[in-house]
Protein chains: 2
Amino acid sequence: MVQTARERAREALTADIVETARGQLAEVGAAALSLRAVARELGLASSAVYRYVPSRDDLLTRLLVAGYASLGAAAEDADDPGLAPRGRWVAVSRGVRAWALAHPHEWALLYGSPVPGYAAPQDTVVAAMRSAGVFGRVLGDAARSGGLVGRTPDADRTPLVGPDVGPVLGGEHPALDDDVRARAVLAWSSTLGLVSAELFGHLVGVTTDQDAFFTEQVGRLADLVGLMG
Amino acid sequence: MVQTARERAREALTADIVETARGQLAEVGAAALSLRAVARELGLASSAVYRYVPSRDDLLTRLLVAGYASLGAAAEDADDPGLAPRGRWVAVSRGVRAWALAHPHEWALLYGSPVPGYAAPQDTVVAAMRSAGVFGRVLGDAARSGGLVGRTPDADRTPLVGPDVGPVLGGEHPALDDDVRARAVLAWSSTLGLVSAELFGHLVGVTTDQDAFFTEQVGRLADLVGLMG
DNA sequence: CCGTGTCAAGAGCAGCGCTCTCGTCTGCGA
DNA sequence: TCGCAGACGAGAGCGCTGCTCTTGACACGG
């Protein structure tokens, strides 16, 4: 895999563009992200940027994938396999919130209103699964170690969670029935809601201590899933 | 309160502008909402619109307030005081989701990423309380009718929910302690997360039946709050 | 009936995404 | 080593945006 000097320069400049765009994103948000401003910051003509990035939407896609990867890495770092299942879940949740507070505009890009007229390519949905996978591993490990309270599943109920979430949500285990997975999806969606509500200002005046409030609430969600510890 | 012909014409045209903007919002979304397009649709010069609406941000504020009012009305319509508390909570939640599915761009405006550089005025936060107040009434009625399972509150724990949420979240009642209110806030945030996740495409491939999935999940949330029925 | 104030319209400014053209320069194959 | 295809950056330009300023017409109240 040998590269010519041109190819190396091209990749380096493309990376510079994406990195500058991330800086712009952090400053002014996704909606105000301007290709011309990125070009100005790099000392390029606006038209030159189009040699490396085909469109503004494509640049957004790159930022989206990078954002999911960054969030997923933060979730993985926050995970501590030595903790009890409930504590692990809370720790990962806190890691997600901490990342969101540190990168509010990126969180808004990932989980806020989708950009109109922009359809997320398949690359982004696989990238999005990385953070969910961390919760899934906590769930799977808990099931295997007996740290998940059992329920009596209703066998005759049609499953409401698709079969594709099995691999990402804890793998195969008899204790991970449809009910547990549905609760896990609820807990993940609720965490999204908690973080977004806090970040988008829907909790101002509601909570007295945002950090303690969040920790207590994700603890309740872990209980809802059935994690012990 | 007598009005001159001029004043009446002014109010009518202002209402026309907001209504046309709502149509634009439903078509292209908030980020692509254009004052010039609104003016074109009304057969006005773009500059004339500024006589009635001081800025694009102000127009967004009007749409925000109108959206909260519309959502609040939908929640009130979905409420059926004859039902048991748990059923009421689920019905209101379903009403909220139905409104969101019918007005996806408005939902995104209300609960999605905030518009960068735009600070929501106080008018919007009081308008936002209307839908939350419906859940609060369900909670309060349940407490007064004994349809709320009691808990043993930890008196020595510092409350994590601010004192201002008392009036909107069920009023005063001994059964509505800090723990119950915190669970209600969690349930409301979780509902926001569920609806947003569905609307913004984060549940594609996860659920098999979106409607049944949502109903089951908000039922779990009602159980979490402690509503009976 | 005439001054005052409101009205819509148009031009214009700066910025945006994106396209096209035009010289320049690089690097690969002959 | 030379020549040429292809990549490169710069610039002009199109149509769009939010917003401002000026201009001329109109309605209303004293």
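A, B, ... follow the sequence lines: proteins, then strands. Residue 1 opens every chain. Quick note: numbers below take in every heavy atom, side chains included, and nothing from hydrogens, waters or symmetry partners.
Take A:Asp178 and apply the salt bridge (Lys or Arg N to Asp or Glu O under 4.0 Å) test, not counting sequence neighbours, and it matches no residue. Taking the salt bridge (Lys or Arg N to Asp or Glu O under 4.0 Å) definition, one finds that A:Asp211 meets it with A:Arg94, A:Arg97, sequence neighbours left out.
By the 4.5 Å heavy-atom criterion applied to side chains, B:Leu139 and B:Leu227 are counted as neighbours. Between B:Trp99 and B:Ser70 the shortest side-chain heavy-atom distance falls below 4.5 Å. Side-chain contact check for A:Arg130 versus A:Tyr68: every heavy-atom pair is 4.5 Å or farther apart. Between B:Val185 and A:Leu203, some side-chain heavy-atom pair lies under the 4.5 Å cut-off.
A salt bridge links A:Asp58 with A:Arg62: at least one charged nitrogen is closer than 4.0 Å to a carboxylate oxygen.
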Exercise. How does each nucleotide of nucleotides 12-19 of chain C score, in 5' to 3' order, for protein heavy atoms under 4.0 Å: base (B), sugar-phosphate only (S), or none (-)?
Worked result: B---BBBB
Seminar exercise, completed: Given protein heavy atoms under 4.0 Å, the one-letter contact record of nucleotides 22-30 of chain D, with B base, S sugar-phosphate only and - none, is simply -----BS--
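Near DNA chain D, meaning a heavy atom under 4.0 Å away, there are no residues from residues 18-27 of chain B.
Across the helix from C:dC1-D:dG30 to C:dA30-D:dT1, the helix axis at one end is tilted relative to the axis at the other end by 10° (nearest 10 degrees, each axis from five pairs).
Among the heavy atoms of the strands lying under 4.0 Å from B:Leu13 are primed sugar atoms or P, OP1, OP2 only; no base atom is included.
Within the model, atoms CD of B:Gln217 and CG of A:Leu160 stand 8.0 Å from one another, a figure rounded to the nearest 0.5 Å. Between the CG atom of B:Leu192 and the NE2 atom of A:His202 there is a distance of 7.0 Å, given to the nearest 0.5 Å. Summarising the geometry, atom OG belonging to B:Ser190 is positioned 11.0 Å from atom CZ belonging to A:Arg220; distances are rounded to the nearest 0.5 Å. Rounding to the nearest 0.5 Å gives a distance of 10.5 Å between CD of B:Gln24 and CG of B:Leu63.
Looking only at distances, no side-chain donor or acceptor of A:Ser46 sits under 3.5 Å from a matching main-chain atom of A:Ala39. Judged by distance alone, the side chain of A:Thr14 and the main-chain N or O of A:Tyr52 form no donor-acceptor pair under 3.5 Å.
When rounded to the nearest whole Å, the span between CZ of A:Arg10 and P of D:dG6 equals 15 Å. Following rounding to the nearest Å, B:Glu7 (CD) and C:dC7 (C1') show an atom-to-atom distance of 15 Å.
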